[in-house]
Structure formats: structure tokens, C-alpha cells
Amino acid sequence: MTTSPLKDLDQQVESLLATIGALTDAEALREAEPSITGKRSILSTLQKSLGSLEPEARRDAGAELQEARRIVEAALDSRRAELALVARSQALASDRIELGDVVVENVRWPVNAGHPSLVASTQRRLEDVFVAMGFRVSEGPEVESDWYNFEALNIPPAHPARGLWDTFYVELGDPETVVLRTHTSPTQVHLMESAVRSNALPIHAVMPGRCFRRDAPDARHLATFHQIEGLVVDRGITFADLAGVIETFTRAFFGADISSRLRPGFFPFTEPSAEFEITCTICHGEGCRTCSQTGWIELGGCGMLDPAVLDAVGIDAEEWSGFAFGFGIDRCAQMRHQIADMRALIENDVRFLRQFS
Ligand code: DAH
């Protein structure tokens, strides 16, 4: 009786599996593969040796050998997959940022993280200045009824002052009753109403937000722009308080070399009203093209609350008085950073934005 050529098969398979397990990368696996399953491998050599067996023994041995080959090939495949995974996670480990629960993979350095828009960072700075002065920050809706945007602000239908605001109307309800707010002043009305409802007077608040006008964009105007509104309702408030707040704000935001002045103006919701100007930041008051040689730049409007507005929201004008102001955030960004054309603010060109901290 001849000894079976497969008598050591189990050990041989064990040894092949150990070899496969010890392969440490895809390259080593590719190199070792011919010696494990190729023509010169032990499995192929054994296959050839079966030819000398009797037919029946050959069939049994053939089946045994085939099973051994299947096991070895499966081990090779799974090691290949494992090594690919290891390689991938090693690559990712160096191209990976973990931000709390969020993991960003495949990061290519240097990361282009973008930049806050200049309007957003200007708004945050403005809020900081006013919060430091004791104001709180509040927001209102961008789509308003005619009542909030105009009527409650003492601008009745067909009042000529409506021409000051070129309005976008929304097709909702009766024609021309719903508008995209043309200024942040309607937020004053919401705030006063809710203060009356919850008995929360006095009010010292600023209200930043987006506004819309049917203006053709140019170097100093955008059809979608931003304002910040201020509102104080308290006892014994005078025009001197208003002027003091405006001047304190101007120096805190633009710097000690820039000051403010108030010029008589007209707004239906304040009486008296004023236009609020600051020293031109381009020429520092010398006079230049930007300020039309006046040395001053108009930033917004302000005034003492008209008793008709207090009446409209149910605040007793005998007991309470106050002031309001509103000015452009985009204009502040333009003046603070001396930006010639305001349209640069909405182009979101990161090369432009990177100039600003
Ligand atoms: N809402 C006015 C505008 O957009 C600016 C303004 C003027 C706001 C006087 C006020 C104010 O609060 O009292 O032109």
C-alpha cells in the first residue's frame, strides 16, 4: 500500500493560512500569491502527484485537495480585503478632521474653510457694541403686512411718504397688503406690542435684519440690504439721550476719530426726526468724492417716537417716551472698510473676504 500524497495536507493548509495571515500589505500579498495558489505552489504540485493514484483513490484525493484549495483561496481573498481596509483607514487617519461628533474625511490640506460674509461680521460687531451699551438684540419677520411696515408707523395708505420706500409686494391676500419689509422699523412695532402684552416696558433693544427695496443696485445701494433698528421706550427720555447713544455708538464702532451729527429730517414715525451722519471715513472730514466734498456720510435716520406710533400699539404717551433709529449695516461695512462698491459685499468672493479679519 502506497502512502497517500495528501497525508500532510492539513498541516500544509495550516502553514499556508499562517503565511497568509502574516502578510502585512497588499503589495506583499500580490508577490506571495503565486507561491500559495500558483502553478509552482504546493497545492499544484500535489494536484499533479494525484495522477499516479488508482481512479477511485484519485477521485477522493481530488475532492480533498479541491476543498483545501477553496479554503486557502478564501483566506487570501479575505486577507486582501482586510489589508485594503487597513490601507484606507491609514490614509484617512492623516486626512481626517474630527469636530465633536462630525468627522470630515478625505480632507485635502490646506483646508479652504471659507470666510464669514462681511455683512455677517459687521452685524455681529454692531450687536456687540449695542449689547455693551445695555441694549438687547431682537429680530422680526422679513415678510410683513402693510400695517406693520407702514400704517402702524404713521404712514397711512396713499400717504406721500410711502414713495420713500420702493416696495416689493407679495401676492398674498388682498392686493398690496403683504410686503417684503422695506426697513427694520416694523420690528419696533412687534416689540412694542409684545412688551404691552407681557407688561415688559421699558424697552432698550436693537433689531438687525434683511430688508428689500425695488432699487437698482449700484455702488451705494443693494436691492436686498441690511439695517439695524434701535428702540428705547422708557420714562423721561429726551433728544439728548438719542444724540448721546448715536455719538457713543459711532466712536465705539468706527473709532475715536470719527464723530456723528444729526441734521433735521423727516420720518412719519418720529417727531422730531433727524438724519444721522458720521465723519467720512475715506477723507476723515476733509471732503472727497465719496462724501461729495461735505466731509460727512449719511448712515440712517432717527428721532423721538411720534405719540401716534405709541398710540397704535397701546402705549400711554403721557407716561412713556422714547427714541428710535435705523441705519444700514451694509453701509457700516462699506464705511468701516472703505469699500468703493457695495456690490462687492454680495459677490462672496473669498479673495475679497480674506482681506478682512
Ligand atoms: N426706517 C428708516 C429708513 O429705512 C430709517 C429710520 C428713520 C428708522 C427714523 C428709525 C427712525 O427708527 O426713527 O429709511
Side-chain angles (χ1 to χ4, degrees), residues 123 126 130 135 137-142 144 146-155 159-168 179-193 195 203-215 220-234 237-247 249-250 260-278 297-313 315 317 320-332 342:
Q123 178 174 327
L126 289 166
F130 283 110
F135 288 77
V137 179
S138 183
E139 286 184 349
E142 293 175 354
E144 284 286 11
D146 181 275
W147 194 78
Y148 282 102
N149 197 77
F150 292 122
E151 246 182 286
L153 292 167
N154 205 26
I155 317 170
H159 190 286
R162 286 193 180 212
L164 292 173
W165 295 276
D166 287 322
T167 310
F168 281 119
V179 305
L180 295 185
R181 69 175 171 196
T182 58
H183 50 179
T184 42
S185 300
T187 315
Q188 288 181 28
V189 181
H190 288 288
L191 213 57
M192 286 190 279
E193 277 182 341
I203 300 170
H204 306 89
V206 287
M207 296 144 268
R210 195 151 55 146
C211 306
F212 310 84
R213 285 187 202 169
R214 247 156 34 103
D215 272 339
R220 297 186 58 203
H221 298 90
L222 299 172
T224 298
F225 59 101
H226 301 78
Q227 288 190 335
I228 186 164
E229 191 80 12
L231 176 69
V232 169
V233 181
D234 207 335
I237 298 293
T238 68
F239 200 90
D241 296 312
L242 167 60
V245 164
I246 299 273
E247 177 68 6
F249 153 74
T250 302
S260 67
R261 75 174 185 184
L262 300 177
R263 299 206 311 158
F266 171 76
F267 295 97
F269 32 95
T270 42
E271 182 57 39
S273 300
E275 270 160 24
F276 148 30
E277 297 183 338
I278 59 165
I297 293 281
E298 189 193 329
L299 217 56
C302 60
M304 301 307 288
L305 293 180
D306 192 306
V309 174
L310 295 172
D311 273 353
V313 293
I315 293 180
W320 301 96
S321 58
F323 62 78
F325 55 83
F327 55 89
I329 296 176
D330 319 75
R331 182 66 52 81
C332 285
M342 207 183 251

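All values derive from a computational prediction rather than experimental measurement. One-based numbering, in listed order, for ligands and for the atoms of each.
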Inset, instruction - Using a strict cut-off of less than 4.0 Å between a Lys/Arg side-chain nitrogen and an Asp/Glu carboxylate oxygen, indicate whether E144 and R181 qualify as a salt bridge. - result: no
Legend entry - Top protein contact for atom 10 (C) of ligand 1, by heavy-atom distance: E229 OE2, 3.4 Å
Legend entry - Any S273 heavy atom less than 4.0 Å from ligand 1: no
Inset, instruction - Could you tell me whether C302 approaches ligand 1 through its side chain, its backbone, both or neither, with non-hydrogen atoms closer than 4.0 Å? - result: backbone
Inset, instruction - Starting from atom 5 (C) of ligand 1, locate the nearest protein heavy atom and write down its residue, its atom name and how far away it is, to 0.1 Å. - result: G326 O, 3.9 Å
Inset, instruction - Report the part of F325 (side chain from C-beta onward, or backbone N, CA, C, O) that has a heavy atom under 4.0 Å from ligand 1; answer both or neither where that applies. - result: backbone
Legend entry - Under-4.0 Å salt bridge between D215 and R220: no
Inset, instruction - Please identify which atoms of ligand 1 are closer than 4.0 Å to at least one heavy atom of A324. - result: 12 (O), 13 (O)
Legend entry - Output field: ring centroids F323/F276 closer than 6.0 Å: no
Legend entry - Interatomic spacing from CZ in R213 to NE2 in H183 - rounded to 0.5 Å: 7.5 Å
Legend entry - ligand 1 contact on F323 by region, counting heavy-atom pairs under 4.0 Å: neither
Legend entry - Non-hydrogen atom of S185 closer than 4.0 Å to ligand 1: yes
Legend entry - Test item: E193 side-chain N/O and V313 main-chain N/O as donor-acceptor pair under 3.5 Å: no
Legend entry - Within-cut-off N or O pair, T182 and ligand 1, under 3.5 Å: no
Legend entry - Pairwise distance CG(L242) to OG1(T270) - rounded to 0.5 angstrom: 9.0 Å
Inset, instruction - Please confirm whether F327 comes under 4.0 Å of ligand 1, counting heavy atoms of the residue only. - result: no
Legend entry - Sub-3.5 Å N/O-N/O distance, G301 and ligand 1: no
Legend entry - Protein contact of atom 11 (C) of ligand 1 - nearest heavy atom, named by residue and atom, plus distance: F269 CE1, 3.4 Å
Legend entry - R213 neighbourhood, listing ligand 1 atoms whose heavy-atom distance to it stays under 4.0 Å: 3 (C), 4 (O), 14 (O)
Inset, instruction - Would you mind running through ligand 1 and noting each atom that sits below 4.0 Å from a heavy atom of Q227? - result: 3 (C), 4 (O)
Legend entry - Aromatic centroids of F327 and F249 separated by under 6.0 Å: yes
Inset, instruction - Note the single closest protein heavy atom to atom 13 (O) of ligand 1, along with its residue, its atom name and the distance in Å. - result: T270 CG2, 3.1 Å
Legend entry - Rounded distance [0.5 Å steps], SG in C302 versus CZ in F239: 5.5 Å
